[in-house]
Amino acid sequence: MKILTGNDLASGDVVWWTGSGWSRHLADAVDVGSNGEAIAHVEEAALRVNVPYVIDAEATAEGPRPAHIKDRIRALGPTVRPDLTLKPADPNAGSWVI
């Protein structure tokens with residue numbers, strides 16, 4: 001599975017491509033397949049997202065799970081203020097980075 005991520009230009013938040021727009025919630029991400037780079041180019045040119053890129057992910061019952069630890073950490077939110085992190089659909093998301 002391939003999903004598309006980047007940062008929202010207005011807020012700086014990590015965002016995920018939903019198939020029709022961007023969401024702060026990883027669970028909303030959809031498989032972009034081989035279209036990811038083309039979508040990223042269009043969205044960046046339209047100034048909706050900063051530095052979008054395609055990542056590998058695993059489909060789970062709770063939604064996509066990024067394959068790389070960097071993107072797992074990005075999905076959970078700030079590491080310096082745990083009270084500001086997003087509450088992901090996967091109750092075991094805290095163990096993703098271990």
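Index from 1, following the sequence.
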[atom2] on [Y] to [atom1] on [X], rounded to 0.5 Å:
X	Y	atom1	atom2	answer
Trp16	Asp71	CH2	CG	5.5 Å
Ile55	Arg74	CD1	CZ	7.5 Å
Leu4	Glu43	CG	CD	8.0 Å

Give a yes or no answer on whether the side chain of [X] reaches the backbone of [Y] with a donor-acceptor pair at less than 3.5 Å.
X	Y	answer
Asp13	Val15	no
Asn50	Leu9	no
Arg65	Glu58	no

Sequence neighbours left out, cut at 3.5 Å: what donor-acceptor pairs do the side chains of residues 27-36 make with other protein atoms?
from	atom 1	to	atom 2	distance (Å)
Asp28	OD2	Ser23	OG	2.5
Asp31	OD1	Lys2	N	3.2
Asp31	OD1	Gly33	N	2.9

Quick check: do [X] and [Y] have side-chain heavy atoms less than 4.5 Å from each other?
X	Y	value
His68	Asp56	no
Trp17	Thr5	no
Pro66	Leu26	yes

Exercise for the section: Determine, using the 4.5 Å side-chain heavy-atom cutoff (strictly less than), whether Met1 and Val54 are members of one ILVMFWY cluster. Expected result: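 Looking at the clustering, Val54 is in a separate group from Met1.
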
Handout entry: Verify same cluster id: Val42, Val49 (apolar side-chain graph, 4.5 Å)
Key =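 Val42 does not cluster with Val49.
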
